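In the text below, chain A, chain B and the rest are named by the order of the sequence lines, each starting its count at 1. Not measured: the values here are computed from a predicted model.
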There are 2 protein chains.
Amino acid sequence: MARWHAIAAELREAIRSGAYPPGTKIPKEEELERQFGCSRTTVRRAVAQLTAEGLLQPVRKGGTTVREHPPRQRLTRARQVYRDERGYYFDPTAQPWAAVETPTVSLGPVPYDIARILGVEPGEEVVIRSRVMGHPDTKTPTQLATSYLPASVARGTVLAEPDTGPGGIYDRLEEMGRGPLAWSESVVAAIPTEPEQEALHLPPGVALLRIVRVTRASDGQVVEVNDTRMSGELWEIGYQLERHQSAHPSS
Amino acid sequence: MARWHAIAAELREAIRSGAYPPGTKIPKEEELERQFGCSRTTVRRAVAQLTAEGLLQPVRKGGTTVREHPPRQRLTRARQVYRDERGYYFDPTAQPWAAVETPTVSLGPVPYDIARILGVEPGEEVVIRSRVMGHPDTKTPTQLATSYLPASVARGTVLAEPDTGPGGIYDRLEEMGRGPLAWSESVVAAIPTEPEQEALHLPPGVALLRIVRVTRASDGQVVEVNDTRMSGELWEIGYQLERHQSAHPSS
DNA sequence: CAGTGGTCTAGACCACAAC
DNA sequence: TTGTGGTCTAGACCACTGA
């Protein structure tokens, strides 16, 4: 077992056991160096590991502190899609989110993993609509939402404009004769990329929670893939399970 | 911008753009050293970053290859809980999972985050039931499932035994007069700890997908918290959204 | 402004796996 | 057997930020 591995394990156990409660500081690097009888590089390797696990948070001059984990907020997903005079609501209990910046719309290559869902070739040009969602007052970014639409569906239409009008792209798609629409969602866990870390102000050691929503037209064609990403530390997706006393359905 | 940061960005872009397709090798460290005109430590710092992001996979002697991401399997969650003569089924479309080892049962301190849900003091002793789920044939571990039950509910009962009999703990809880039971689930993304990485054979750069299921008795008391963890790269949680054309429900 | 973590170097030896 | 990544050292300078 590598030296740094053993040091990390020892520090991890000390933290878990409460020897260093959240919010307190662990000894500075120079001291750990003496304590474990190794070079600074080795100490730093161990501290880096625990930082990547979200247990530590080094601050220049302030020392390295044990991270306090904020409470998670529950994001309830309804199984029904409600509609009012303004548009669609996927979540009747939604937080008051709003676009922090104006959405950016561009024509660009489709990411590899989205291509398969959209049913287009990897690298093919699609319409990409990106927006940052956040609290309407504080403007703190909480979600990155990106929509991908096949060029054959969206190019040259209002769907490729920043402002899609009241109700958004789903109303427009229905008006274009694509409806009625159907959606399915997936929840995915991932490691954030650096740009995502920056945009969402994610500290190291925090995972990414992604909701991938697929919109299908009435003929079954996938007309949109929406990829919404948020902090895996601050959010959880919740839903209720109902009881069903009948026999197991035939499979 | 730090040198290693710039190198990581350059390599990341080269990978994303397809200059190094998945499965191919990037130049060896010595060559990158010359290419970027820096020390080996700096190169390694950049490679470590991309490894943590799940983009690279260094192999001794084999060089460092660009990781190929396996397809994700969809784990469909039903909203209804079905019951047959054998017990409860949370998932009518479930994969054929089975316990890889016999479940371990112990009395131990409740983890900090579970304590709040369970409504007990942090560190209080609770009944902990752990099992590794995997494919019945290959025995490959795919899920770590841990149940936490308050000592006041489970201690001294069959719920604290490894074998809880046909139907499992939910049937036993109902027989103990706690039913009818109700469940709610949350999906959470997290960074795996080292033991979890090992148990699930997670390569570096893969997040953890957690399903936290809370069981309540008919009187509202939380009688069980189940924490199921699996690879965030191999699994996704999916569910369908239904259409509801009525007006938005009053909030 | 001073102390802490952040970055970087040059060099050494080790261990594993492909050949 | 050998080449590759894995570990570790001793030392230097930098830059941010809290006291």
Side-chain angles (χ1 to χ4, degrees), chain A residues 1-12 14-15 20 22-68 194 197-198 201-205, chain B residues 1-12 14-15 20 22-68 194 197-198 201-205:
Chain A
M1 188 188 224
R3 193 89 184 84
W4 71 262
H5 209 277
I7 296 174
E10 195 163 324
L11 285 176
R12 191 187 295 113
I15 292 169
Y20 299 116
T24 63
K25 290 196 278 199
I26 67 170
K28 62 184 177 189
E29 293 182 355
E30 186 200 337
E31 226 167 288
L32 292 174
E33 209 173 316
R34 271 181 302 152
Q35 185 176 325
F36 291 105
C38 64
S39 77
R40 188 175 164 217
T41 310
T42 306
V43 166
R44 284 182 60 76
R45 181 68 189 82
V47 170
Q49 171 66 30
L50 298 183
T51 303
E53 290 180 14
L55 284 175
L56 294 178
Q57 184 171 45
V59 176
R60 269 191 245 234
K61 168 73 177 185
T64 298
T65 64
V66 179
R67 264 192 84 206
E68 310 188 68
E194 280 210 315
Q197 265 185 358
E198 244 182 286
H201 300 152
L202 298 182
Chain B
M1 189 188 225
R3 192 90 184 84
W4 72 263
H5 209 276
I7 295 173
E10 195 163 322
L11 285 176
R12 191 187 294 113
I15 293 169
Y20 300 117
T24 64
K25 290 196 278 198
I26 66 169
K28 62 184 177 188
E29 294 182 353
E30 186 199 335
E31 225 167 288
L32 292 173
E33 210 173 313
R34 271 180 301 151
Q35 186 175 327
F36 291 107
C38 63
S39 77
R40 187 173 165 217
T41 310
T42 306
V43 166
R44 283 182 61 75
R45 181 68 190 83
V47 170
Q49 171 67 30
L50 299 184
T51 303
E53 289 179 15
L55 284 176
L56 294 179
Q57 185 171 41
V59 176
R60 271 192 246 234
K61 168 74 178 185
T64 299
T65 64
V66 178
R67 262 191 85 208
E68 309 187 69
E194 280 210 316
Q197 264 184 359
E198 243 181 285
H201 300 152
L202 298 182

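- With sequence neighbours left out, A/Thr42 forms a side chain to side chain donor-acceptor pair (under 3.5 Å) with A/Ser39.
- Applying the salt bridge (charged side-chain N to carboxylate O under 4.0 Å, His left out) criterion to A/Arg67, with sequence neighbours excluded, gives A/Glu233.
- For B/Gln35, the side chain to side chain contact (heavy atoms under 4.5 Å, CB included) partners two or more places apart in sequence, or in a different chain, are B/Pro27, B/Leu32.
- For DNA chain D, the contact window with chain B, defined by any atom under 4.0 Å from a protein heavy atom, covers D/dT2 to D/dT7 in 5' to 3' order.
- Among residue pairs with one or both ends in residues 31-42 of chain A, those qualifying as salt bridge (charged side-chain N to carboxylate O under 4.0 Å, His left out) are A/Glu29-A/Arg40; sequence neighbours excluded.
- In this view, A/His201 satisfies the side chain to side chain donor-acceptor pair (under 3.5 Å) rule with no residue, not counting sequence neighbours.
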Per-pair distances, 0.1 Å, donor-acceptor, side chain in residues 51-59 of chain B, under 3.5 Å, sequence neighbours excluded:
residue : atom : partner : partner atom : Å
B/Thr51 : OG1  : B/Val47 : O            : 2.7
B/Glu53 : OE1  : B/Arg12 : NE           : 2.9
B/Glu53 : OE2  : B/Arg12 : NH2          : 2.9
B/Glu53 : OE2  : B/Gln49 : NE2          : 2.7

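- Summary for the helix from C/dC1-D/dG18 to C/dA18-D/dT1: the axes at its two ends, each from 5 pairs, differ by 20° when rounded to the nearest 10 degrees.
- Between the CD atom of B/Gln57 and the P atom of C/dA17 there is a distance of 13 Å, rounded to whole Å.
- Note: A/Thr64 OG1 to A/Leu50 CG = 10.0 Å, rounded to the nearest 0.5 Å.
- Contacts between residues 30-38 of chain A and DNA chain D, defined by a heavy-atom separation under 4.0 Å, are made by A/Cys38.
- Looking at residues two or more places apart in sequence or on another chain, you find a side chain to side chain contact (heavy atoms under 4.5 Å, CB included) between A/Ala6 and A/Met1.
- In the region residues 46-53 of chain B, proximity to DNA chain D at under 4.0 angstrom, judged on heavy atoms, holds for none of the residues.
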